[in-house]
Amino acid sequence: MSEELSFRERVWLIIAAIPYGRVTTYGEIARLAGSPRAARQVGGVLKKLPEGSSLPWHRVVNREGRISLQGEDFRRQQQALEAENIEFTQQQTINLDKYRWSGHL
DNA sequence: GGGCTGACAGCCT
DNA sequence: GAGGCTGCCAGCC
């Protein structure tokens, strides 16, 4: 198929498709983007994400259901998730069995 | 054009 | 069962 879209652009589209109140993992996005082993690159894309992107990047967590960010970024993402009624455990972990979005709309 | 870096995931000890 | 190391691939210098 035509690969006109860059891998980075595909990641944007996938993240934009994450429903409200749900989360997904870097590996899942990489898989949907066509590169199951590119989970790390997904993070790289989000790191250089334009501020005006308006993408729900906060709905992306690691395979453990935890936020991979640190410091202030960690707090911002957590608040954004809590704003969507997503519950955190005392370990600051999300129950993926409950909130995980497998790309199935 | 080549090499280094890195919002992870999986395998090994 | 938990912690640590390596691998992998797209971006950027």
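Naming convention: chains lettered A, B, ... in sequence-line order (proteins, then strands); numbering from 1 in each chain. On a predicted model such as this, the values are computed, not experimentally measured, just so you know.
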Is there a donor-acceptor pair closer than 3.5 Å between any side-chain N or O of A/Trp101 and the backbone N or O of A/His104?
-> yes
Residues pairing under side chain to side chain donor-acceptor pair (under 3.5 Å) where one sits in residues 14-26 of chain A, two or more places apart or in two chains, turn out to be none
Expressed in angstrom and rounded to an integer, what is the separation of A/Ile14 atom CD1 from C/dA10 atom P?
-> 13 Å
Whole angstrom value for the distance that separates P of C/dG11 from CG of A/Leu49 = 13 Å
Separation between CD of A/Glu82 and CD1 of A/Ile94, rounded to the nearest 0.5 Å | 9.0 Å
For the pair made of CG in A/Leu5 and P in C/dA10, what is the distance, rounded to whole Å?
-> 15 Å
Stem ranges of DNA chain C by first residue number, counting only runs of at least 3 Watson-Crick or G-U pairs under 3.5 Å, come to B:2-6 with C:9-13, B:8-13 with C:2-7
What pairs with A/Arg37 under salt bridge (Lys or Arg N to Asp or Glu O under 4.0 Å), at least two apart in sequence or on another chain?
-> none
Are there any protein N/O atoms within less than 3.5 Å of an N/O atom in nucleotides 3-8 of chain C, and if so, which ones and at what distance?
unit_1 : atom_1 : unit_2  : atom_2 : d
C/dG7  : O6     : A/Arg40 : NH1    : 3.0

Using the side chain to side chain donor-acceptor pair (under 3.5 Å) rule, collect all pairs that involve residues 67-78 of chain A, keeping only residues at least two apart or in two chains.
-> A/Asn62-A/Ser68
Rounded to whole angstroms, how far apart are CZ on A/Phe7 and P on C/dG11?
-> 7 Å
Which of residues 25-35 of chain A have a heavy atom under 4.0 Å from DNA chain B?
-> A/Thr25, A/Tyr26, A/Gly27
Those residues that, when tested against A/Ser35, pass side-chain hydrogen bond (donor to acceptor under 3.5 Å, both in side chains) (two or more places apart) = none
Restricting to nitrogen or oxygen on both sides, can you table the protein-nucleotides 11-13 of chain B pairs closer than 3.5 Å?
none

Nearest-angstrom distance from the residue atom NZ of A/Lys48 to C1' of B/dT5 | 8 Å
Please name all residues satisfying salt bridge (Lys or Arg N to Asp or Glu O under 4.0 Å) with A/Arg66, sequence neighbours left out, ordered by chain then number.
-> A/Glu64
A/Thr89 meets the side chain to side chain contact (heavy atoms under 4.5 Å, CB included) criterion, sequence neighbours left out, with A/Gln91, A/Thr93
Mind checking salt bridge (Lys or Arg N to Asp or Glu O under 4.0 Å) for A/Glu9 and listing every partner two or more places apart, or none if nothing turns up?
-> none
Determine: side-chain N/O of A/Ser6 to OP1/OP2 of C/dG11, distance under 4.0 Å, yes or no.
-> yes
Interatomic distance, NZ@A/Lys47 vs CH2@A/Trp57, rounded to 0.5 Å, equals 13.5 Å
Taking only residues at least two apart or on different chains, which pairs with a member in residues 84-102 of chain A satisfy salt bridge (charged side-chain N to carboxylate O under 4.0 Å, His left out)?
-> A/Glu28-A/Arg100, A/Arg59-A/Glu84, A/Glu87-A/Lys98
Once you round to the nearest 0.5 Å, how far does CD1 of A/Ile15 lie from CG of A/Leu49?
-> 7.0 Å
Provide, to the nearest angstrom, the distance between the CZ atom belonging to A/Arg8 and the P atom belonging to C/dA10.
-> 14 Å
Evaluation steps, side chain to side chain contact (heavy atoms under 4.5 Å, CB included), between A/Trp12 and A/Leu46 = CA-CA 9 Å; A/Trp12 293 346; A/Leu46 296 178; 5.6 Å; no
